[in-house]
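Just below is one structure, and these are the notes that go with it.
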Number of protein chains: 2
Amino acid sequence: MVTNPQRHDERPSGPEEGDLQVALDALADPVRRSIIRQLAARPEWSISCGSFDLPVSKATSSHHFAVLREAGLLEQREDGTRRFNRLRRPEFDARFPGLLDVVLQDG
Amino acid sequence: MVTNPQRHDERPSGPEEGDLQVALDALADPVRRSIIRQLAARPEWSISCGSFDLPVSKATSSHHFAVLREAGLLEQREDGTRRFNRLRRPEFDARFPGLLDVVLQDG
DNA sequence: GGTATTGTTAGACGTAGGTCGAACATGGTA
DNA sequence: TACCATGTTCGACCTACGTCTAACAATACC
């Protein structure tokens, strides 16, 4: 793994600002790929973080959501105590054509 | 990173036997991506391991070549004390379409 | 106010893996 | 034979990061 020299904003930064290292690191984890696949299988903004089927604690989940956010793969919207999610598919595809497809087709 | 449940042969196994986890782990390292890019920029079987421009020791290089081999990205052929290399591009593209292109276009 | 739900943060822990030097193996060459 | 070039393997070290529990924050609901 690699120390990433790029800054990681809290705000969802566009994938156009993310680099390949960050993207690959994000996609190299099976839990995060599971999140992405569950996200792609449902309408946008339809799933809150807690309603994903994941084999880890909610603290670990929160960590993975943050990594996906910072890689430009995920956008979150707050609604009360919940955060609803959207896969930033077109933005990510524009930056790394074909990369997300590989992950989604493999699932 | 993830403990890979798949067996890793010494002989170059076809990418069709490799899984996505192994492929992404292999591509997530910058030294290995550098190897892949240098390989793609020259004719097949034209570069021996020692003639790559890499910022690591030869022991570390040997490790990275093994990882690429086991991920189905690299094929090696012995000639005397040297090992000449070939990027298994068509095989890997057939297994994971678009994945290698992302890495090569980014460089 | 009090409680429940949802998610983040802090701190600690364990492990996978990237790194190195040194030793070793093998084949070419003087 | 001796020597050199090329790669691998071994053992050790170190760091990044995935993981957890516990505590905290914020909102919803009674």
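Side-chain contact between A:L74 and A:R86: absent, with no pair of heavy atoms (C-beta onward) separated by less than 4.5 Å. Under the 4.5 Å side-chain criterion, counting only non-hydrogen atoms from C-beta, B:L39 is not in contact with B:L73.
An OP1 or OP2 oxygen of D:dC20 is reached within less than 4.0 angstrom by a side-chain nitrogen or oxygen of A:S57. The phosphate of D:dT8 (OP1 or OP2) has a side-chain N or O of B:R83 nearer than 4.0 angstrom. Between A:R69 and C:dT8 there is a side-chain N or O to OP1 or OP2 distance below 4.0 Å. Under 4.0 angstrom from either OP1 or OP2 of D:dC20 there lies at least one side-chain N or O belonging to A:T60. Contact annotation: B:S48 reaches the phosphate of D:dG7 (side-chain N/O to OP1 or OP2, under 4.0 Å). Dashed line: the shortest gap from a side-chain N or O of B:S62 to OP1 or OP2 of D:dG7 is not under 4.0 Å.
The residue among A:R32 and A:E78 whose nearest nucleotide of DNA chain D lies closer to the 5′ end is A:R32.
Separating the CZ atom of A:F52 from the C1' atom of C:dT6 is a distance of 14 Å, rounded to the nearest angstrom. Nucleotide C:dC20 holds its P atom 8 Å from the NE2 atom of B:H64, rounded to whole Å. B:E70 places its CD atom 13 Å from the C1' atom of D:dT9, with the value rounded to the nearest Å. Spacing between atom NE2 of B:H63 and atom P of C:dA16 amounts to 14 Å, rounded to whole angstrom units. When the P atom of D:dC17 is taken as reference, atom CZ of A:F65 falls 19 Å away, rounded to whole Å. If you measure from atom CZ of A:R77 to atom C1' of C:dT6, you get 18 Å, rounded to the nearest angstrom.
More than 12 heavy atoms of other shown residues, nucleotides or ligands fall within 6.0 angstrom of atom CZ in A:R37.
A side-chain contact (heavy atoms from CB on, under 4.5 Å) with B:S48 is found for exactly one of B:R82, B:Q76, B:R77, namely B:R82.
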